[in-house]
Structure formats: C-alpha cells, structure tokens
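Read the structure below first, then the notes.
We use all heavy atoms of the structure for the numbers below, so side chains are in, but hydrogens, waters and symmetry mates are not. Whatever order the structure lists them in is the order used to number ligands and atoms, beginning at 1.
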Amino acid sequence: MPIKNRFAELLPEIAAWRQDFHAHPELQFDLPKTTAKVAALLRDFGVDEIEEGVGRSGIVAVIHGRESASGKVIGFRADMDALPIIEATGLPHASTHPGKMHACGHDGHTSILLGAAKYLTETRNFDGKVVLIFQPAEEGGGGAKAMMAEGVMDRYGVQEIYGLHNNPGTPVGSFEIKEGPLLAAADFFEIIVKGKGGHGAQPHVCFDSTLAASAVVMALQQIVSRNVDPLQPAVVSLTGFATDTMAHNVIPASAKLTGTVRTFHVPTKELVRDRIKAVAEATAAAYGATIEFTYGDGVLPTINAPAETGHAIKAAEAVAGSVNTDVTPSMGGEDFSEMLAVRPGAFILLGNGDSADLHHPHYEFNDEAIPAGCSWFATLAEQRMPISA
Ligand code: NI
C-alpha cells in the first residue's frame, strides 16, 4: 500500500489550502483566519463532531468509521501557528502579514491533516473513531498544554495519539522516527544582574553590572562541561544580553540575560537549573552585584512510546517502503510532548527535501510531501482500526 492514489488526485486542492495558510500566517493563540478556514473545511467534509475554541483557539473534530465495534479511538494532531519572522522567500504565496511567517511548516501540517480528514470522511474504511486535534501556539505559547488542560483526551476518549513534523534535509516524503526520546525538554530563564550605576568616568564608585553580567555569561558555560553527567545531553545557551542604558558615559545599574536550557531527563534539568542560579549568584557577588533569577518550564521532552512507535513505523513503511528508525535525537523542543505525557503515542519526521532550515526566512514547506503525510495518517487509521472481514 504505497501513497494512496486519492491523495495524488487531491494534491492540487490540498496544496492550495497550504499556500493560502502560508499567505496568511497568524501567531500563537490569535488564529482567527486560520481556525475559520480549518473549521469550514472540516464541516464541508462532513465530520461527525466539531468543537471550536478548545484551549482558547484549538479545534477538535471527530470522524466515525464505517463500523464502531472495536471501541478504538485514535488521535491525530496538527499545529496551526506561524512565527514572528520577516519572510524572504519572494514566493507568489509569500506572507501578506508583515513580520509573520509560516517558517516551521505548520501550514503544511495543518493541510496534511485536513487532507487526511477529507479522505477519511469519504471512505470511513475503519472500525472506530478518529479524533483530529488542531492546536494553537506550538511556538512557545503552550497551546497543547491549554488543550490538554480542558481534558480533550478524556472527553473524546482518545487512546493513542500521533503527529508529524516536516524535516528539511531529508528526501521529500521519506520518514524518520525513533522509539524513546526524540526531542528535548526546552526551558527558558532570565537573570537580572543588579549593580550600582554611575558615571562612566568613575567605575571605582560603581558596581558595574555589565562586567558582572559578562562574568556570569562566561561562568555559565562550565555547567554542561563540569557539572552535568557526560552521558546526559544538555544545552545551556545564553541568547540575550541587554543593559538598562546604551549611553557612552553611563555605567548601567542593571543588565538582563536571557537563555534556554535543553535536556532529556528531569534530574539533569533540575541540576542545570539549580547550578545556573548558584553560579550566577556567586559570580555576580564577586563583582558586588546581586541577581534576580527566573526559570520557566517550557515543553517536556518528546518521548515516543514503544508500541505506538511500532504502529507509526508500520504505516510509514506501507507508504514509503522503508523508514529510518534510528534518527539521531535533536535538542529542539516540540509542544506535542504535552500530549505524549497524557497518552501513549508517536511523533514522526517527514522529509521536506533540500529546503532552508526550519525558522529560516527562506524556509518553505514542500507541497510534494503532502501525499506521503496524508497517506501516513490515513494508513494509521486503517491499520490500527481494521474493518472486520
Ligand atoms: Ni514546528
């Protein structure tokens, strides 16, 4: 069972949805145009149930199979939000919303799941229910968590959950997956270094927050190399440094540092968090400065469950012939982890061909990947919930 012929027929239609989403990117939970189009298409296909405004702006829809004796309910998830990036592709369907861009391919993910929904409502060649989950705010807004907080999995009886993400640099329509940890926990932190400001000509009567913050930046580099177990992956990146004035002749009273922590295991994450605070405090103190430390839990690690990974592989093999089942985990983070934390499931990577990287102003989702993505979802439904002979 390779790519389903129906998706080759539907490709121009699905690609047109995708390019329309691409031209009208929206951010975080604020997705009025995107959600209106998704809901209208789902109603047009004839889904059996639809609920809007879930987790503020998510959509849940249910498709009943031709039979319902199995009692099985499988969830499929897509993300709908774009990024605050100025698009530089120059494409005919480039963003018409200045400063916003579908630079992570969520326009493609949403269109793929809509394409699968169209096919599944036409054919209903399965015994059970498919629950479609279209989530807002994947890009750091906690959209999946917001939907899970409203009890989506329990209310719709979802038993297992699957999602996909396009993957630049691997052949179009190819699949990569791995059982266990696939993507990291992604947290964020902020350190405000407070010294004593004053005249740039009189450093001896100040406590220079710029110098203290610089020393903190350097000292934090040693946490991964000196404190973390060498066999545990961890990243500490300082990504922002701002003083409270940029005047030539003023020593700033405070400096703000921002950064991200990426880990796979909770004890490592807690160690890194505690060491950042302790090292920053002690380093700043050596310069006569104090700190305010804020640490935010971002997304959980994305961990593929063993059985569901097997189901995802079987469907992908049916579509693509072969699957790379030993992809190297990435320190990137993914909001789908919040769904995997409450239900067993699997997240698969779909080749996007030789495109620019994700979150790059030249990135473009590859429409040629659509039939493989749609076929994977449809095949999963039919394989996991076969019609009785
Ligand atoms: Ni993404």
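Under a 4.0 Å N-O distance rule, the pair D367/R18 qualifies as a salt bridge. For the pair D48 and K129, the salt-bridge criterion is not met [side-chain N within less than 4.0 Å of a carboxylate O]. E9 and R6 are joined by a salt bridge, as a carboxylate oxygen and a charged side-chain nitrogen come within less than 4.0 angstrom of each other.
The hydrophobic cluster containing F347, built from Ile/Leu/Val/Met/Phe/Trp/Tyr side-chain heavy atoms closer than 4.5 Å, also comprises V54, V60, V62, V73, V131, I133, M147, M148, V152, M153, Y156, V158, I161, L182, L183, V327, F336, M339, L340, V342, L349.
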Kindly determine whether R343 and Q159 satisfy side chain to side chain donor-acceptor pair (under 3.5 Å), including the steps that lead there.
-> CA-CA 7 Å; R343 286 297 184 274; Q159 296 157 352; over 6 Å; no
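Side-chain rings of Y119 and F7 approach one another, their centers coming within less than 6.0 Å.
Take the Ni ion (ligand 1) and draw a sphere of radius 2.8 Å; the protein N/O/S atoms inside it number 3.
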